[in-house]
Amino acid sequence: MAKNLLIVESPAKAKTIEKILGSDYVVKSCFGHIRDLPQKAIGVDIKNQFQPEYVVSPDKKDIVKELSKLAKEAEVWLATDEDREGEAISWHLAEVLHLDINKTKRIVFNEITETAIKKAIQSPRKLDVNLVNAQQARRILDRLVGFELSPVLWRKLNRPSLSAGRVQSVAVRLVVEREREINAFNSEYSYKVVGVFSIEEKGKEKSFKAELSRKFEKKEEAEQFLKDCIPASYKVSDIQVKPASKSPAPPFTTSTLQQEASRKLGFSVKKTMMVAQKLYESGKITYMRTDSVNLSDLAINSIKSMIKERFGDEYSHVRQYVTKNASAQEAHEAIRPTYAQNDSIDGSKDEERLYDLIWKRTVASQMSNAKLERTIAQIDISTRKEQFIAEGEVIKFEGFLKLYLESTDEESEDEEQSGMLPALSVGQSPTIQTITATQKFSKPPGRYTEASLVKKLEELGIGRPSTYAPTISTIQDRGYVEKGQREGQKRDYNVLTLKNGTVTVKALQEVTGSVKGQLVPTDIGSLVTDFLTDQFNKVMDYKFTANIEKEFDSIADGKVEWEKMIGNFYQPFHENVESSINSKVYVTGERQLGVHPASNKPVTARLGKFGPMIQVGSSEDETKPTYAKLLSGQSIETITLEEALALFNLPRLVGSFEDKEIKANNGRFGPYIQHGTAFVSLKREDDPLTVDLDRAIELILEKRTADANKFIAEFPEHAIQILNGRFGPYLKQGKNNFKIPKGKQPDKLTLEECLEIISTGGKDSATTKKKTTKFKK
DNA sequence: CAGTGAGCGAGCTTCCGCTTGACTT
């Protein structure tokens, strides 16, 4: 039996540390928090100084049992993370394992290296009760806000399972307000003029581009300019050459990894975290939930020697990055490869790609600046006072660019990579080949992507590395925010060209305003945001988290009692909740669209029991009002009277096929076509208002083949079917589904085997089914 | 499975931050 029990949070960490410490130490993991407020009840005694009721989390019972047993016979070292949550985890461990708080050794290290760990063992400290209290205040405040606000929403929007919280509600607010900025944006245009010139260099013709020093607002102005250029000659009037340098981005944190993996690999934040977890568990990278850009000395040294060996001394530049984010707690290192010399790993395609990204980013962060030379040449026009400006950039020394360049969120269509210019000199007269004036529209602010929303939340100090991905999932699961599906719309633009002495005008089309993969608010998301910002503006304030973080810090410093801080917050907050819940106002977002041209009845859009809808007429009229559901992509806030009235064309007769009518409609599960008694869902790109007969028949036939492929085998006498599903083959009996055990071939199952699967696996499947279905209604 | 369009009723939702698997139709 070992004399010492050392407890850390993560099992992968435990393994590594056990190797370092040897046989005197048993190193175990507690898998994060072991105790928390109860899941189903508020668990805070408000009348009694907000005393929390903690329970061992159901999935941690076994862990706690094991740790208790080990703790009885060994000296316990609490080695959880060095931050507020880590301190609290240690305190809960001390409580549950009945350790003497004054005697228990608490140690911390923020890198897993032999020196760091042995040094930590040399200097244990006591539990920091003030820091624990700061965590309790954070926990209790979040619980009070979440569990008091959510019921207000259930009532005001008449919808169960809505939720509100310090983090998620602000995340939704960001998306809602961005959408409104975009809706309010008035796109303006101007004409951007680009000339293509050529010049002789060493007997060869070389061409280069230059942009005019001004843009034109009107087409006529642009046209006049081109005409003026017909007889013109051109002269290089000035050349400036300036050295420039670029430095690498710091190593990855959780947030920057999510952003880069989204931009460069197209990963969702959830996927990034799942793949990173795999890399971490197999020992290939350091911990992936971190807000620190710090690299351990050991890592820096091994990266340095690797760079020198592989690229040469001149490529090495040791940099120690400092975390700028004020809310960072820096309990871990930056995300980096465990062994810098491994420039690739074996794993799934996704693991290999993410590792490659992490490796390059980390190594590049320790490489020299890139040295550039920027050339700006000015070209005069004999017939006009404007000038053409040619810009060129030449890399003199690539430095870190040899490996890696960080991407940006902006679309890169306009970024003409300014390459090398031919050698120009003042006084030269380049010849013009073409000049084009292109109509360019100003762009509204971009919608958030999952990753750019994480970036924004981090800037505001809202949320933590471990919660970014779950928060993004929550706001989508609750139906507040969706990933956009709509393709862009076509827009005309003009291009004027001067070539061979004549000016031509062409109208072209571009696609703009695609929302694919970007976050758009739903009607419910917008209504919840408006309601909460109106009635609970303090909690919805973008600075709320930053403000209370300061108060948590005061608690951690021992200057403020946590009960007092929570009391000061709760008293006005709760009064607000009470008055809001008692008011008879319901949130429907009702909006008048106008009157029906035929009947003169009012047309309104609002949130109904089953979602956003249009109503024609009022419920007080003698004849009942008529209703129509909004289509996906439409919203109460933006739908027009014309669009609303068009919805009443449903159900719509599309035509007939195989002697049966085909109708298009918008139902409970979205738009569909009905063919006799068969129903087929429309695809995202289809619109029930316009879908034609050919397409409808195509979809019907598609569905028939899909249904045929779905079927593998059946035993009708027992109502058993073996089918192909989303997660592979499965067994179905009546309404229950069963997993087919590994190693069994689904098409060769016998009746006996099927019955066995049902009798053994039956219980589990039935209970899990209940769990998942209860969410839906 | 492809309706419906309120406000009583019965009983259910819900937070944020630490950690991993188990499991999905």
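Worth saying up front: this structure is predicted, and the values here are computed from it rather than measured. Below, each value reflects all heavy atoms present in this structure, side chains not excepted, and no hydrogens, waters or symmetry copies. Numbers restart at 1 for each chain; the letters A, B, ... are given by sequence-line order, proteins then strands.
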Should T467(A) be listed as having a side-chain N or O under 4.0 Å from OP1 or OP2 of dG17(B)?
-> yes

Any N or O donor-acceptor pair linking the side chain of T588(A) to the base of dA6(B) at under 3.5 Å?
-> no

Q168(A) versus T474(A), side-chain donor and acceptor atoms under 3.5 Å | no

The correct set of residues in residues 131-140 of chain A placing a heavy atom under 4.0 Å from DNA chain B is R138(A), R139(A)

What nucleotide among dT20(B), dC18(B), dG3(B) has an atom nearest to a side-chain atom of I89(A)?
-> dC18(B)

Would you classify Q168(A) as touching base, sugar-phosphate or nothing, given that sugar-phosphate means primed atoms plus P, OP1 and OP2, and contacts are heavy atoms under 4.0 Å?
-> sugar-phosphate

Scan N666(A) against the nucleic acid and name what it touches under 4.0 Å (heavy atoms): base, sugar-phosphate only, or nothing.
-> nothing

Nearest to the side chain of D36(A), which nucleotide is it out of dT19(B), dC16(B), dG5(B)?
-> dC16(B)

Ignoring backbone atoms, establish whether N158(A) has a side-chain N or O less than 4.0 Å from OP1 or OP2 of dG5(B).
-> no

Give V145(A) one of three labels, base, sugar-phosphate or nothing, depending on what nucleic acid heavy atoms sit under 4.0 Å from its own.
-> nothing

Picking from dT20(B), dC16(B), dC15(B), which would you name as closest to the side chain of R166(A)?
-> dC16(B)

Could I get the full list of side-chain contact (heavy atoms from CB on, under 4.5 Å) partners for F531(A), not counting sequence neighbours?
-> V152(A), L153(A), K156(A), Q535(A), F536(A), S580(A), V587(A)

Between dG17(B), dG5(B), dT14(B), which nucleotide gets closest to the side-chain atoms of H33(A)?
-> dG17(B)

Choosing from dA2(B), dT20(B), dT13(B), which nucleotide comes nearest the side chain of P160(A)?
-> dT13(B)

Nucleotide nearest F610(A) when distance is taken to its side chain, options dG5(B), dG21(B), dC15(B) | dG5(B)

Hey, is F31(A) doing a stacking thing with dT19(B), by the 5.5 Å centroid and 30° angle criteria?
-> no

Are R289(A) and dT20(B) close enough that a side-chain N or O sits under 4.0 Å from OP1 or OP2?
-> yes

Any idea which of dC15(B), dA2(B), dT20(B) is nearest the F669(A) side chain?
-> dA2(B)

What is the nucleic acid contact for K629(A), judged by heavy atoms within less than 4.0 Å: base, sugar-phosphate only, or nothing?
-> base

Would you mind classifying the nucleic acid contact of R143(A) as base, sugar-phosphate or nothing, using non-hydrogen atoms under 4.0 angstrom?
-> base

From dG17(B), dG3(B), dC16(B), pick the nucleotide closest to the side chain of D142(A)?
-> dC16(B)

Counting heavy atoms from C-beta on, name the nucleotide in dT14(B), dT4(B), dA2(B) closest to the side chain of F679(A).
-> dA2(B)

What nucleic acid atoms does T80(A) come within less than 4.0 Å of, heavy atoms only: base, sugar-phosphate, or nothing?
-> nothing

Under a cut-off of 3.5 Å for both distances of each Watson-Crick or G-U pair, what dot-bracket string does DNA chain B give, using [ ] for crossing pairs and | for inter-strand pairs?
-> .........................

Just compare dC18(B), dT14(B), dG3(B) and give me whichever is closest to any side-chain atom of Y287(A).
-> dC18(B)

